[in-house]
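A quick write-up on the structure given underneath.
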There are 2 protein chains.
Amino acid sequence: MPDLNFSVLRFVPREGGYARGQEGFELILKTAVSVLVEHGYKDMTLRRIAKECGMKAGNISYYFKSKDDLVRALLQAISGSYEAAISEATAGAGADPESKLTQLISFILQDGTTRQTSYLFPELWSLANHDPFAKQCVDELYLREHRRFDEIIGELNPALSADDRSILSTFILSSIEGIGVFAGYGKYWQDAMPQLQATACRCFLEFVKSAKPGVDGTLSASKLELKP
Amino acid sequence: MPDLNFSVLRFVPREGGYARGQEGFELILKTAVSVLVEHGYKDMTLRRIAKECGMKAGNISYYFKSKDDLVRALLQAISGSYEAAISEATAGAGADPESKLTQLISFILQDGTTRQTSYLFPELWSLANHDPFAKQCVDELYLREHRRFDEIIGELNPALSADDRSILSTFILSSIEGIGVFAGYGKYWQDAMPQLQATACRCFLEFVKSAKPGVDGTLSASKLELKP
DNA sequence: CTATATTTTTGACATATGTCAAGAATTGCA
DNA sequence: TGCAATTCTTGACATATGTCAAAAATATAG
């Protein structure tokens, strides 16, 4: 009984087969995400997924030749779904770059308040630390978000160099994602999310607008005295 | 062969027993952290820990009556070690609240560049999502850091209300932790950490100093138009 | 409807895991 | 040194896991 609240998973198309085959294929992946979210990767066993699918474990081996294969398809589907979500989130934004930035920040933070995202990403980060393919999927996912920030920051402050823009994008994106860890679904500071959202929008918008070209070099030079 | 680079784990004292018993006890916990970091919780099995300890699996059952027990002791030891680290990091700071803030931020970010911390925390976050005891340990760990930020921000901007201070502390702390996810050990933006560190110090220091009392209420009121 | 292609179950396999009891080995005190 | 308390190994157990082959069930084209 998977109940995913982010946009439907994006599946790599299945070659040949009956309609029922495609259903089973997608059901397995959707259920696998659900199990991953609800119980963590440690307890994401083939038998558990199969039981929640209403099928037997052996049938999963028919669709995926190994568990590793299933996990790969899973990661690709997740990455693809967030790609679609980010596109949608930034598509309807007006010409105003300020509202584009606040809209993107707000979208990511709102998404972080869902159980789905809040529980899923620590699993992805953990997987990425021990599996190169998972790392690649996560990196690509964040690179796409990074690119969106980069574009918007370029509009907001055209005087900045590409390097400065990139640092700012990384800074803002990672900060925003960190907020989800502390104020996401079920987290200790969950109730503060609305204020955090507003604070983040104000703080980062101001910072981007007031950033001066050469900031990057300046900061690099001053890094030595800042280290403990 | 555990090689932990944060301050030595803090163990709950062992009642009675020989010196060798204390050694074995600590060795198991240190090795368990090492396995957790290197292979993830999924592969942190008693036999693996035992092998790396140079002992047999059965012996772990002598020290810990169940794996759950071992994990609890582990989480407490980790939480305690970071408590000590944070105390040390902020102890030697001069009277200047500005350098206190940059020093604290820099310490946390520097710590995030270690394999230890960078690989450990996603495991802790994942555990916390599925185990109340783990959640409690992680919450306490971050509450202590939050308290340090709160104190420093109070010195930097005494006009702020307790609520405003708390929101700012949560905002900065979570942002900083997020940077570790993106630019920590082995991460995609690892090379940008020095610039991110400088950027974070500048951005947050300015933001705290320029924050006006009542910020909290203002932000709360404006949150509606910011939501997507 | 029939025949073929596809999906699913069944049942087993090798291996891995947490746990435990009994006995051997070690430690440290008298 | 002797002896009791402690530590450690051995070997087993029940259960769980990923995988697979063969048979059964289902779907679809002709």
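These numbers come from a predicted model, not from an experiment. Proteins come first, then strands; the chains are lettered A, B, ... in the order of their sequence lines, and each starts at number 1.
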B/F64 atom CZ is separated from C/dC20 atom C1', nearest whole Å, by 17 Å
Using whole Å, what does the distance between atom P of nucleotide D/dC20 and atom NZ of A/K67 come to?
15 Å
Rounded interatomic separation in angstrom, taking NZ from B/K51 and C1' from D/dT10:
16 Å
What is the distance from CE of A/M55 to C1' of D/dA24, rounded to the nearest Å?
16 Å
Using only atom types and a distance under 3.5 Å, with no angle test, would you say the side chain of A/E123 pairs donor to acceptor with the backbone of A/Y41?
yes
note: B/D69, atom CG; C/dC20, atom P; distance rounded to Å ~ 11 Å
What integer distance in Å separates A/N59:CG from D/dA25:C1'?
12 Å
Quick check on DNA chain C: between A/Q22 and B/R48, whose nearest nucleotide comes earlier from the 5' end?
A/Q22
Both A/Y62 and A/R47 contact DNA chain C. Taking the nearest nucleotide for each, which residue is further toward the 5' end?
A/Y62
Polar side-chain contact A/Y18-C/dT6 base: donor and acceptor under 3.5 Å
no
Using a heavy-atom cut-off of 4.0 Å across all strands, would you classify A/A19 as base, sugar-phosphate, or nothing?
sugar-phosphate
A/S175 side chain to A/F171 backbone, donor-acceptor under 3.5 Å
yes
Atom pair distance, as rounded to whole Å: CD in A/E23 and P in D/dT26
15 Å
Sugar-phosphate, base or nothing in reach of A/G58, heavy atoms under 4.0 Å
base
If we ignore angles and hydrogens, is there a donor and acceptor under 3.5 Å between the side chains of A/R144 and A/S79?
yes
Between A/S61 and D/dT19, does any side-chain N or O lie under 4.0 Å from OP1 or OP2?
no
Within the structure shown, what part of the strands sits under 4.0 Å from A/G17 by heavy-atom distance: base, sugar-phosphate, or nothing?
sugar-phosphate
Under 4.0 Å between any heavy atoms, over every strand shown, what does B/K56 touch: base, sugar-phosphate, or nothing? Just pick one.
base
To the nearest angstrom, how far is A/D43 atom CG from C/dA16 atom P?
19 Å
Are the ring centres of B/Y119 and A/H130 closer than 6.0 Å?
yes
Kindly say if A/R20 contacts the phosphate of D/dA27, meaning a side-chain N or O under 4.0 Å from OP1 or OP2.
yes
Do we get A/K187 above A/F121's six-membered ring, with its NZ or CZ under 6.0 Å from the centre and within 45° of the axis?
no
